[in-house]
Amino acid sequence: MNNERKDLLDEIFDKALSGRSLYKNHDVLRSDYIPSKLPFREKQIVAIGEALSPLLHGSKCSNLLIYGKTGTGKTAVVKYVLMRLEEKASDQGLKVRFAYSNTRIAGTEYRILADVAHSIGLSIPFTGLSIGEVLNRIKIAINSSELRMVFVMDEIDFLVKNYGDDLLYELIRVNEQLPHGYLSIIGISNDLKFKEFLDPRVLSSLSEEEIVFLPYTADELRVILYERAKMAFFEDAITEAAINLCAALAGSEHGDARRALDLLRVSGEVAEREGAKRVEEKHVRIAVQKIEQDRMVEALRSLPLHAKILLWSIVSLGEANSTGEVYDRYSGICRKNGIESLTQRRVTMLLSELDLLGLIATNLISKGRYGRTKKISPLVQLQFVKDVFSEDPVMGSIL
Ligand SMILES: Nc1ncnc2c1ncn2[C@@H]1O[C@H](COP(=O)(O)OP(=O)(O)O)[C@@H](O)[C@H]1O
Ligand SMILES: [Mg+2]
């Protein structure tokens, strides 16, 4: 066993030593890398720059609302402009400060405020204070140091959908209570509909200015990818055809630069693992499948228990079963394992969630003069589901 493992590893290491790496700089393909050039976003860069520049001569700047689909460059552009402004401000010795929080990653109102606090050097305990107390400490700090602050709330739709707009309301009102210093907000959202969740006063204040990021065209994605590929790979280590294919595939949905760059990165990894001399179209095709598979595994893993049991019922029944048959199988499995089953109504809701995730298909089948009936089929392989679910202790014992 030991020897066998050593031989396998030897083989991997020898391959790494003999073959040259395809990458000149792997880091530039990381999702948080901010390139120094952001083509096709000049208009947005100028608009955000102009909105923020009053800070440089001590005036207030407007709040901004930025929206556009994922991968349209919102986060990269905002961080880029702030970085440049920060350099300018510190050259001039101005008390301008920035705070950034991705509300989805922060997860709670408390952690969002803790992100603000940390950016101005306040230490806030991990838990224990009330939201009001944290907000108060932030206000006092801004006021006493006469700071001009910009707070970027990225993926702000997460905050609003999960916690409402109370925190935003408080933050917008902070200015009325600060005689020296102030706070502006830049909200970034992937979803325009979140505006419906806002109180009209919060909305009008937050969207003093609005900036839209439209999806990239396939041609634009191609230019972005060429730039990045030049930095990431050695010359000749990637073919034009491979880059074009990544751009075309990512452009066929909604012009998502993140997806295009993910494809480029994974294609490179596939080619390198194969010991290939350059990244070619065939590696991109494997990368597409690999990314899709990873997405599926993630989707399966994060299902709640009852959704897992329900999906397992559908997969084990096979093609085209009625909702009634699925429900019977589901409640049978629950009963056998001493788990209380959900009502038919809740199960119907779970079914539409599984459908949205692309894990099952729901088709209406005509039964002639008896009308139409709903048939449910799995879109994932039984063995695949079994492999992922058996990592889960409860599902493991059910299987
Ligand atoms: N115009 C551009 N030029 C170069 N890279 C870009 C451009 N727009 C986006 N990217 C890259 O695409 C990825 C996704 O962009 P991001 O700003 O995170 O999108 P969003 O925040 O809109 O979801 C990032 O890695 C970013 O560096
Ligand atoms: Mg973003």
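The structure presented is a predicted model; accordingly, all values stated were derived computationally and were not measured. All ligand and atom numbering here is 1-based and tracks the order in the structure.
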*ligand 1 versus Glu227, non-hydrogen atoms closer than 4.0 Å: side chain, backbone, both, neither?*
neither
Can you tell me the protein heavy atom closest to [atom] and the distance?
atom	result
atom 3 (N) of ligand 1	Pro39 CD, 3.4 Å
atom 21 (O) of ligand 1	Thr75 OG1, 2.7 Å
atom 19 (O) of ligand 1	Gly73 N, 3.2 Å
atom 24 (C) of ligand 1	Ser31 O, 4.0 Å
atom 23 (O) of ligand 1	Gly71 N, 2.7 Å
atom 18 (O) of ligand 1	Arg258 NH2, 2.9 Å
atom 22 (O) of ligand 1	Lys74 NZ, 2.7 Å
atom 27 (O) of ligand 1	Arg228 NH2, 3.1 Å

*Are the ring centres of Phe233 and Tyr23 closer than 6.0 Å?*
yes
Just distances here: any N/O of [X] and N/O of ligand 1 closer than 3.5 Å?
X	value
Ala76	yes
Arg30	no
Ile224	no
Asn190	no

_Can you check which of Phe213, Tyr33, Tyr216 brings a heavy atom nearest to atom 2 (C) of ligand 1?_
Tyr216
Interfacing atoms of ligand 1 (cut-off 4.0 Å, heavy-atom, [X]):
X	answer
Pro35	4 (C), 5 (N), 27 (O)
Leu261	11 (C), 12 (O), 13 (C), 25 (O)
Thr70	23 (O)

*Is there a donor-acceptor contact under 3.5 Å linking the side chains of Tyr100 and Asp154?*
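Present: a donor and an acceptor within the cut-off.
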*Return yes if a side-chain donor-acceptor contact under 3.5 Å exists between Tyr80 and Arg84, otherwise no.*
yes
*Taking Leu183 as the fixed residue, which of Leu147, Leu171, Ile172, Asn63 is the one that meets the side chain to side chain contact (heavy atoms under 4.5 Å, CB included) rule?*
Leu171
_If you count every heavy atom of other residues, nucleotides or ligands that lies below 6.0 Å from Glu208 atom CD, does the total exceed 12?_
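Count over threshold, so yes.
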*Tell me, please, whether Tyr216 has Arg41 positioned over its six-membered ring: NZ or CZ under 6.0 Å from the ring centre and within 45 degrees of its axis?*
yes
*Quick one: does Glu220 get a heavy atom under 4.0 Å from ligand 1?*
no
*Heavy atoms only: give me the nearest Phe197-Asp165 pair and the separation to one decimal.*
O-OD2, 4.0 Å
*For residues Arg228 and Val28, report the shortest heavy-atom separation together with the two atoms involved.*
NH1-O, 3.0 Å
*Closer than 2.8 Å to the Mg ion (ligand 2), do we get an N, O or S atom from Thr75, backbone or side chain?*
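It does: Thr75 brings an N, O or S atom closer than 2.8 Å to the Mg ion (ligand 2).
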_Residue pair Phe213, Tyr67: steps toward the ring-ring contact (aromatic ring centres under 6.0 Å, His included) verdict_ = CA-CA 6 Å; Phe213 283 60; Tyr67 54 87; 9.3 Å; no
